[in-house]
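These notes are about the structure you will find just below.
The analysis underlying the following values was restricted to heavy atoms, covering all of them including side chains, and did not include hydrogens, waters or symmetry mates. Each chain gets a letter, A, B and so on, in the order the sequences are listed, and its residues count up from 1.
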There are 2 protein chains.
Amino acid sequence: MVTIKDVARIAGVSVATVSRVLNESGYVNTDTRKKVEAAIKQINYTPNEVARSLFKRKSKLIGLLLPDITNPYFPLLARGVEDRMQENGYRLIFGNSDENEFKELDYIQTFVQNNVIGVISSTNFPDSDIYTKLQIPIVFLDRTSNERPSVYADGREGGRIAAKEIIARGSKRITIIQGPAHIKPAQDRFQGAVEVLEEMNMTYNVIQTSSFSYTGVEPWAKELFEKYINTDGVIASNDIVATAVLHEALRLGKSVPQDVQIIGFDDIPLSSLLSPSLSTIHQPTYDMGREAASLLIKLIEQDKVEDSIIQLPVRFVERETTRRNQEKG
Amino acid sequence: MVTIKDVARIAGVSVATVSRVLNESGYVNTDTRKKVEAAIKQINYTPNEVARSLFKRKSKLIGLLLPDITNPYFPLLARGVEDRMQENGYRLIFGNSDENEFKELDYIQTFVQNNVIGVISSTNFPDSDIYTKLQIPIVFLDRTSNERPSVYADGREGGRIAAKEIIARGSKRITIIQGPAHIKPAQDRFQGAVEVLEEMNMTYNVIQTSSFSYTGVEPWAKELFEKYINTDGVIASNDIVATAVLHEALRLGKSVPQDVQIIGFDDIPLSSLLSPSLSTIHQPTYDMGREAASLLIKLIEQDKVEDSIIQLPVRFVERETTRRNQEKG
DNA sequence: TTGTACGCGTTATCAC
DNA sequence: GTGATAACGCGTACAA
C-alpha cells in the first residue's frame with residue numbers, strides 16, 4: 001500500500017505538506033506543490049479514505065436501506081439516489097431490510113460503525129427507536145413520519161385520480177386492492193380512492209393484501225375474481241399486483257379493458273411492455289431517489305434546511321387497460 | 001461517540017482487556033469478562049469498524065459493481081450476493097457502472113480506498129488494467145475471463161436448448177436476436193442457437209442489438225417484424241427483448257404462439273406474469289449471486305481454492321409463448 | 001491473567 | 001511556507 005509518507009519521501013517534503021496540497025488547505029509554495037503532485041502521479045497515490053474517516057469521524061459513505069431491491073419499484077429509487085450522490089462524491093453502502101425491523105437495526109448499526117455521514121431509508125418503522133436515536137442525518141424515502149425529513153409521492157391524490165379516471169371511463173362495480181396496512185403510501189392511495197368512490201356514491205369492494213412482494217400476488221388476483229366475479233374495474237395497490245390481476249383476468253377469458261378495466265400504481269418500467277399495456281398512476285420514482293439524495297446532502301452540508309418534507313406529484317398514464325374517456329371525446 | 005476506552009473505564013479494566021473479550025483472543029478471567037460485557041451493554045458500545053479497518057488494513061466491506069440495477073436481471077444477482085455476504089458478516093458498497101469503463105475504474109478506486117476486502121463485478125472489461133492490477137480478490141459475475149475466478153451460466157447450452165425447443169415445436173423461419181457483441185454471455189447464447197440451427201439445416205435471420213437496457217428495445221422489435229415479416233419463431237437475447245417482441249407481435253395482430261413462438265432468456269420475475277406468459281431459458285440468477293459471494297468468501301478466507309470458475313446450468317421453462325411439443329405428446 | 005505502549009494513515013495545531 | 005507531532009479508535013506485542 002502506498003501512503004502519504006511515500007509521497008512525502010519521494011517529493012522530499014513532510015507529510016504535512018503533502019496533506020496540504022491534497023486538501024488545498026494552508027499555504028504551499030508553487031514549486032513544492034508541483035513536486036508533490038509529481039510524486040503523487042509517479043507512485044499513483046490515492047488517499048486512504050479509512051484513515052481520513054477515522055480522523056474526521058465521518059466518511060463519504062451513505063447508508064441506503066431498501067425493503068427489497070428485487071421489487072422492480074426500488075431499483076429506480078436506488079438509481080436516483082446513487083446518481084445524485086455520485087455527483088457530490090458520496091458512495092453507497094446498501095442493504096435490503098425485507099421490511100424486517102431487526103434487519104434494519106442491524107444495517108443501521110453497520111452504517112454507524114462505518115461512519116456513514118447520512119442514511120436514506122424506505123422503512124416501515126420510521127418511528128422506531130432505530131431512527132429516533134440516530135445521531136446522523138436521515139431521510140425517509142417513499143415513506144414519511146411527522147416532521148422528519150422525507151421524500152414521497154402524493155399517494156392520496158394518486159388514489160383519487162385512479163378512482164376518478166376509472167369511473168369516468170365507465171366502471172360501475174369497482175374493486176380496490178388495499179396494500180399492506182402498515183405502509184403509509186399504500187394507505188394513502190387506498191384512502192384517496194375510497195374518498196372519491198364515496199363522494200360519487202359508487203359501490204365498491206375491497207381486497208386486502210399483506211405485502212408488496214412479487215411472490216404470492218397471484219392468489220390475491222384469484223381471490224378477487226372469485227369473490228367479486230362481476231368486478232368491471234380494478235384499482236390495484238401497485239403495478240405488480242395490477243399485472244397479476246391482468247394476467248388472471250385474461251386467463252378467465254375476460255376482455256381488458258372491455259370487460260374489466262385495470263389501473264396500477266407506480267409505473268414501473270415493465271408496465272408499458274405488457275399486453276395490453278398497463279394504465280397506471282405514474283410516480284416520479286427516479287426523481288424521488290434524486291430528491292432524497294439532494295435533501296440528505298443539504299442536511300449534511302448546510303446548517304438549516306427550509307423544506308425537509310418533499311411531496312412529489314403523480315399523474316395518470318393512459319395505456320390499454322382502460323377504455324377511452326367518453327367525456328373527453 | 002462511545003469508544004473502547006469508555007468501556008474500559010466503566011468496567012475498571014484496560015482497553016486491551018476489553019479488546020480481548022471483544023475479539024475472543026487471549027486469556028481473560030471469567031469475572032473480568034462479565035464486568036466488561038456488562039459495561040458494553042450498559043453504554044451500548046459497538047466497535048468502530050473504521051478504526052478496525054485502519055489497523056487491520058482490511059474491512060468487512062465488499063465492493064459490488066453491476067452494469068445497471070434498473071435492468072430487472074441484476075437485482076436478483078445483487079440480492080443473492082447480499083444474502084450470502086450477510087451470512088458471513090460482510091456488507092456491500094454498491095455501484096452501477098453503466099458499462100462505462102471510466103465509471104468502473106472510479107468505483108474500483110473507491111472500493112480500494114475504503115479497504116474493501118474483495119470485489120464482485122459484472123464488467124464488460126474483465127481484461128482491463130482495472131482488474132489485472134487489482135491487489136484484492138475479485139470474482140466476475142455473469143462474466144468470465146481466462147482462468148480468473150468467475151460465476152456464470154451456461155449461455156451456449158442455453159442457446160442450444162432454445163433453438164432445439166423452438167424447432168421441436170414447429171417453427172420454420174426463425175429469427176435470432178443477437179445481444180451486444182462485447183458481452184460474452186450474450187454471444188454464447190447466440191452461438192449456441194446458431195450451432196443448432198446450422199446443424200439442423202434451418203434457415204434463419206439475425207437481428208443485432210447493441211444493448212441490454214430497457215430503453216429502446218421497442219425499435220428492435222419493430223425492425224424484426226419489418227425486415228422478417230414471415231418469422232414464426234423468435235429466439236430473443238433476453239427476457240426484456242422477448243417482452244418487447246411479444247408486445248409488438250400482438251400489436252401487429254399476430255397470435256402467440258400460433259403464428260409466432262417466442263423464447264426469452266434469463267427468466268426474470270415478470271416473465272411468468274406476462275400474457276401470454278413467456279417461455280424462456282431459466283438462469284439461476286439468485287444462486288449465481290450467492291455462488292459468487294461464496295467463491296469470494298473462499299478466496300478471502302482460504303489460501304487456495306480448487307474450483308474458481310463456476311458455470312451453472314440453465315433450463316428451458318415452458319410457458320405460453322411456445323406451442324406444445326408434438327414429439328413429447 | 002492483565003496493562004502499557006505503539007502503530008495503522010490521515011489531518012490539524014502549533015512552532016519555526 | 002514548512003515540519004514535527006498529537007490525535008482519531010482499535011488491536012497486539014511485550015512486559016508485568
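Salt bridge B:Glu37/B:Lys34: absent, no basic N to carboxylate O contact under 4.0 Å. Between A:Asp106 and A:Lys103 there is no salt bridge, since no side-chain nitrogen of the basic residue lies less than 4.0 Å from a carboxylate oxygen of the acidic one. Using a cut-off of 4.0 Å between Lys/Arg side-chain N and Asp/Glu carboxylate O, B:Asp83 and B:Arg79 are scored as salt-bridged.
Considering only side-chain atoms of A:Val15, the nucleotide from D:dA13, D:dT5, D:dA4 that sits closest is D:dT5. Nearest to the side-chain atoms of B:Val13 among the listed nucleotides C:dG3, C:dT11, C:dC8 stands C:dG3. Of the candidate nucleotides D:dG11, D:dG3, D:dG1, D:dG1 has the atom lying nearest to any side-chain atom of A:Asn29. You'll find that the side chain of B:Ala51 is closest to D:dC10, out of C:dT11, C:dG9, D:dC10.
Distance B:Lys34 NZ to C:dT1 P: 15 Å, rounded to the nearest Å. Following rounding to the nearest Å, A:Leu22 (CG) and C:dT11 (C1') show an atom-to-atom distance of 10 Å. A straight line from CE of B:Met1 to C1' of D:dC8 spans 9 Å, rounded to a whole angstrom. Atom-to-atom, CG of B:Asn115 to C1' of D:dC10 comes out at 14 Å; the value is rounded to the nearest Å. As a whole-Å value, the separation of A:Asn48 CG from C:dG9 P is 7 Å. Nucleotide D:dC14 holds its C1' atom 15 Å from the OH atom of B:Tyr27, rounded to whole Å. Summarising the geometry, the separation between NZ on B:Lys56 and C1' on D:dC10 is reported as 10 Å, rounded to the nearest angstrom. Going from atom CD1 of A:Ile4 over to atom C1' of D:dT5 covers 14 Å, rounded to whole Å.
Using a 3.5 Å distance cut-off with no hydrogens or angles, the side chains of B:Asn96 and A:Glu82 do pair a donor with an acceptor.
Nearest-nucleotide positions on DNA chain D for B:Leu54 and A:Gly26 put A:Gly26 closer to the 5' end. Mapped onto DNA chain C by nearest heavy atom, A:Lys5 and A:Arg52 fall at different nucleotides, with A:Lys5 at the one closer to the 5' end.
Put simply, the side chain of A:Arg20 and the base of D:dG3 share a donor and an acceptor less than 3.5 Å apart.
For B:Tyr131 and B:Phe140, the ring centers sit closer than 6.0 Å to each other.
Here A:Thr32 lies in heavy-atom contact (under 4.0 Å) with sugar-phosphate atoms only. When heavy atoms are screened at a 4.0 angstrom cut-off, B:Thr3 is found touching the sugar-phosphate backbone but no base atom.
For D:dG11, the OP1/OP2 oxygens have a side-chain nitrogen or oxygen of B:Asn23 closer than 4.0 Å. The phosphate of C:dT2 (OP1 or OP2) has no side-chain N or O of B:Thr17 nearer than 4.0 angstrom. Checking the phosphate oxygens (OP1, OP2) of D:dC10, a side-chain nitrogen or oxygen of B:Tyr45 falls inside 4.0 Å. In this structure, A:Arg57 reaches the D:dG9 phosphate: one of its side-chain N or O atoms is under 4.0 Å from OP1 or OP2.
One distance of note links OG of B:Ser97 with CG of B:Leu105; it measures 12.0 Å at 0.5 Å rounding.
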